[in-house]
Every structure is written in structure tokens, then in C-alpha cells.
Number of protein chains: 2
Amino acid sequence: MLSKRDRARPFVRRSIHNQILHEVGERILRGVFMPGDILPSENALSDEFKVSRPVMREAIKVLAAKGLVDARPKIGTRVRLREQWNMLDPDILTWSFASREAEQYAIHISEMRRVLEPEAAAIAALRATPEQIDRIAESFAGMEACPEDTQEHIVHDLRFHQGILEATGNPFIASTGHVIESALLFSFKLSSQIEGACSDSLPRHRDVLTAIQASDAEGARRAMAVLIDEAWSGIEEFMRKRDAALPARH
Amino acid sequence: MLSKRDRARPFVRRSIHNQILHEVGERILRGVFMPGDILPSENALSDEFKVSRPVMREAIKVLAAKGLVDARPKIGTRVRLREQWNMLDPDILTWSFASREAEQYAIHISEMRRVLEPEAAAIAALRATPEQIDRIAESFAGMEACPEDTQEHIVHDLRFHQGILEATGNPFIASTGHVIESALLFSFKLSSQIEGACSDSLPRHRDVLTAIQASDAEGARRAMAVLIDEAWSGIEEFMRKRDAALPARH
DNA sequence: ATAAGACATATTGTATGACAAAAAATGACG
DNA sequence: CGTCATTTTTTGTCATACAATATGTCTTAT
């Protein structure tokens, strides 16, 4: 039942509970279960997924914890309105990109990066400890070592940005790392669909790194802004190309 | 067992499962269970709280969903490192302010507001629909109607800021509303401890509103920055006063 | 006929007990 | 002494039963 999706996501999903959580969560994000809808009863769901009710309940409780649903006796489990969803939850971010509006989400996430990361870089430039700077520098070295558009490159890229967020010393800003992660994964998925056109973002990353090493807040802010803008226009270009190739979309 | 805390939090906690979730979550944030620690086994915990194991498990699963713990067979349920916690989760935000580092968290949250909200106001100034502007204006009217430092005033204040976040049209930015909420609740709790000194933030709010109504992005950005800075310096002043009054603080 | 109240009903909430699976610790054997 | 099987502990899963809750219906009295 989940075979296709399982192949797409390499990491193991140990527990049955987890598989079901992701399946139902994705259904909600994909609009199979719409906001305001009442989910099938726990019994019906546990029948459908061939699991016991406790397992089903654990999954539903987790969905409720993320703000996706609201369970009440006699009423049932209702899908909450989108405004109530905790879009910054890592799982919800993942599921978002399985929905039909994935590109809309990408646009919004990019906008959020544009708000957060330049400022984070500026703060990091002022506060980063030597160890934190080292970690950012190592990530950059890793990016240089791996060819762009490879899985490994993405990992280092992510570490680079996450390292900056953590170097702000602000745990709340650091927690937005998941947002950046999903953005990078999306751009990777997209760019792997089209040949060539690697934007070569290394010089921009270097600018950010050197500014942070020099405790140059203003420079870090600007370099990061340029980096994100370029990355985003690269993605936009991809999408335009793809739309031109496939004129009959929807 | 939970009576003191129950009195402090007016809203009902329907299910036992929920009470336990909050109790254990708060213990983790308070450092009773430290990162790296293994929680007592499910059986031990369900005994302590006098609940069945399924209920205990549901609570633990929710904690795991928020990134606080990681359960594994034979190993147990380990408290994850703080960097792994999803600090933007509404519950974790709430529990944070029950910890001894509440004021540190407040500082960090304020910094995050300083990053997010001015930009959000600028975006909202460009994109807000008439209905969204109406909602912001109504919230402002509500703030004018209620005396500062009342529960009602806080509610309208929160709606004001949340309305701006939603008016960005960006669901991820809108989801940061919980961060602002916890900041407002904290400042309310703090200011209710000390008499007088209402900072009178109404004029600043009006500045933001009029800028948004005029689609003046730059004006909205600056007005919001001023608003947050003033609010924060008010809080700082409170804390200084209190520290002066209670010199023997650990 | 209408309105108020009691009751049936469906759904989530909680409890109990048992077994499966996994992984670490232990002990036996080469 | 090292390697492999065994034991053991903890979470993972299942099955079933009953309690609590809120909706909707149905009865009854005015």
C-alpha cells in the first residue's frame, strides 16, 4: 500500500505507527481529507490500515499535537482549518511538498528564508563562537569537495545554513532549520528533473562565510540576501522552463 | 497532584492524556529530565501517574513528535538534545516559560520577533486584503477599548499581531504567531507582578496600522520595529526593577 | 402543537492483559 | 580470549471491554 512512497523516502520508518502517521498526515496535506472534514472513525481507520486501534490512536494523537486535527467524543476527529496547522513542524513541512500546491509552499518558504536568514547571518557574525565558525567553514569545505546537484552536496549545504542559524545562539531561530531543510530538498528534487544549469552558489556561500569570520554583520546580511535571491531565481527559472516544456498543466 | 498548576492555567485540560503530556513536557523543559537522560519506563511512568500504559504511550508519542524524546525498544525513551527540540511548537513554547531560564527564552523570543515582525508588517502592507486590514483595525479598536494590562487587552493585542502575520498570505510566517503569543503572555505575567508603568503602546500600534492601511511597506516595517523595541525595553525595565528589589537571586 | 426532558447511540477516552520485536547484556562454547 | 547463542528488558502491537461524552431522537407534559 505504501510501497511507492517507501521507495521514494530512503530512511526506514521503523514502526507501523509511524507509517500510518505519515500516510494520514500526507492525506490531509494533499487534501484527501479537507479542513472541516471529519475523519473516518478510529475503528474504520484501524480497519483500513489493518492495525489495532491503540496504534491508530497514537498516530491521531500526534496529528492532533501538530494542530492538524481535533478529536472529540461523539463528534469524531475533525481536520482543523489550515490557519491552525503548525506549518513549522518538520513533518508537516515534508508532507507539504507531497501536495499539489508544493510549488506555492516553496514560494512561501523562500520568502520566509528571505526574511530570516540574512538577519540570522548578521547575528551570527556578531556572536558565533570559534567552534561554530569552524563548523560553518567545514560545511563549506564539504560543499566545495562534492559536485553540485549530488546528495552529499545538499547535506553540506544544509549544514552550512543550519550552522549559521545555530551560531545565532538563539534556539528559536535555530529551530527554523527545518524550514530551510525542506526548501533545499525541494530545490534538489526540482533541479534533478532538469539537466545542467547548476547555479554554482559556491562563491556566494564563500562571501557569507568570510563575512561571518570577519564579524561583519552588515556584510553577512547582504551576502546571505544575495545568496538566497540567486537560489530562488534559479528555482524560478527551472519552473519556467518546465512549464514551457509541459504547456498542458492542469 | 497537578492542582497548583491547574489553578494557574484556566483552560480545561480535557483528557488525562493531556494532563500527563503537559506534566512530562514541563518536567523536561524544567530540567527534571535532562537531555540525554532515559525516562522511567512506560510501566514506571504509568504507575507514577496512575494511568494505563496506552495513555502514557500516547503522551510519550506526542513528546516524540515535538522532538523532545526518542523511544527505542530495550533502550528506553531518551530525552533528545536541546538542538533537536522543535522550539516553535506551541506547547514547548508554553513549557519554556515554566523553566528557570524563562527570561532567557523571553530574550530570544524578543529577538526573533525583532527579525520577523517588521518584515511581516512590510509584506502585509503590500498584500493585505481589505478584510484582513479590517480585522487588524478591529483588533486595534479592541485594544483602545480595553484598559492596558487586562486579559482582554492582551487578547486584542495578540489578534493585532496575528492579523498582520496572516495578512502576509504566507502560512509559514503566520505559524510564527504562537511565538508572539508566548511573548505577549510572558510580558503580561511579568507586568502584572509590578504596579503601574504601562508603556502605553497604543500610539505605536496605530502607526503600524495606518502604514498598512496606506500600503506603506517601509513605514510599516519601521513602525513595527519601533513598537517591538519599545515593548522590549519596557520588559527589560521591569526585570531591572525586580532584580533591584530582590537582590538575593540565587 | 410545541417545548422540555429523558434516553438511545455513536464516537472518543481509558483500562487491562497478553504477546511480538528489538537490542543490550550475559553466558556458553570453540 | 573471542565469538555466537541465550536471556532479559523495554518498547511495539494487538484484542477486548467498559466509561465518558455529546448528538439526535423520542417521549411526555403543558
Side-chain angles (χ1 to χ4, degrees), chain A residues 1-2 6 11-25 27-28 33-80 84 91, chain B residues 1-2 6 11-25 27-28 33-80 84 91:
Chain A
M1 175 202 315
L2 300 169
D6 277 350
F11 63 85
V12 240
R13 283 224 263 288
R14 284 189 295 280
S15 53
I16 302 181
H17 148 267
N18 226 275
Q19 291 177 33
I20 294 189
L21 168 65
H22 279 76
E23 175 61 27
V24 180
R27 280 196 198 175
I28 294 175
F33 300 134
M34 302 274 288
D37 284 0
I38 304 277
L39 295 194
S41 74
E42 292 175 352
N43 281 319
L45 283 173
S46 58
D47 283 354
E48 177 191 341
F49 291 114
K50 305 272 200 333
V51 295
S52 65
R53 197 162 81 101
V55 169
M56 197 65 233
R57 277 181 60 80
E58 284 177 12
I60 292 177
K61 272 281 144 45
V62 170
L63 292 174
K66 298 178 187 301
L68 284 183
V69 302
D70 182 36
R72 291 193 174 188
K74 173 65 185 180
I75 309 281
T77 303
R78 189 191 305 274
V79 180
R80 300 176 75 185
Q84 320 258 355
D91 286 327
Chain B
M1 178 203 313
L2 300 169
D6 277 350
F11 62 85
V12 241
R13 284 226 262 288
R14 283 191 295 281
S15 53
I16 302 183
H17 147 268
N18 226 274
Q19 290 177 35
I20 294 189
L21 167 65
H22 279 76
E23 176 62 25
V24 179
R27 281 195 196 174
I28 294 175
F33 300 133
M34 302 274 289
D37 284 0
I38 304 279
L39 294 194
S41 74
E42 291 175 352
N43 282 319
L45 283 172
S46 59
D47 283 355
E48 177 191 340
F49 290 114
K50 306 271 200 334
V51 296
S52 65
R53 196 160 81 100
V55 169
M56 198 65 233
R57 278 181 60 79
E58 284 176 13
I60 291 176
K61 273 280 142 49
V62 170
L63 293 174
K66 298 178 186 300
L68 284 183
V69 301
D70 181 36
R72 290 191 174 190
K74 174 66 184 177
I75 309 281
T77 304
R78 189 192 306 274
V79 180
R80 300 176 76 183
Q84 319 259 352
D91 284 328

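Quick note on labels: first sequence line is chain A, next is B, and so on, each numbered from 1.
Within the 4.5 Å cutoff, no side-chain heavy atoms of B:Leu68 are placed close to those of B:Val79. Looking only at side-chain heavy atoms (C-beta outward), B:Val24 and B:Phe49 come within less than 4.5 Å of each other.
Taking a 6.0 Å sphere around CZ of B:Arg80, one finds it holds more than 12 heavy atoms contributed by other residues, nucleotides or ligands.
To the nearest angstrom, P of C:dA23 lies 12 Å from CG of B:Asp70. Atom CZ in B:Arg78 sits about 13 Å away from atom P in C:dA23, given to the nearest Å.
Nearest heavy-atom pair, A:Ala65 versus B:Val62, reported as atom, atom and distance to 0.1 Å: CB-CG1, 3.4 Å. In terms of heavy atoms, B:Met56 sits closest to B:Glu42 at CG-O, 4.0 Å.
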Exercise. How does protein contact run along nucleotides 8-15 of chain D, one letter per nucleotide 5' to 3', with B for base contact, S for sugar-phosphate only, - for none, heavy atoms under 4.0 Å?
Worked result: BBBBBBBB
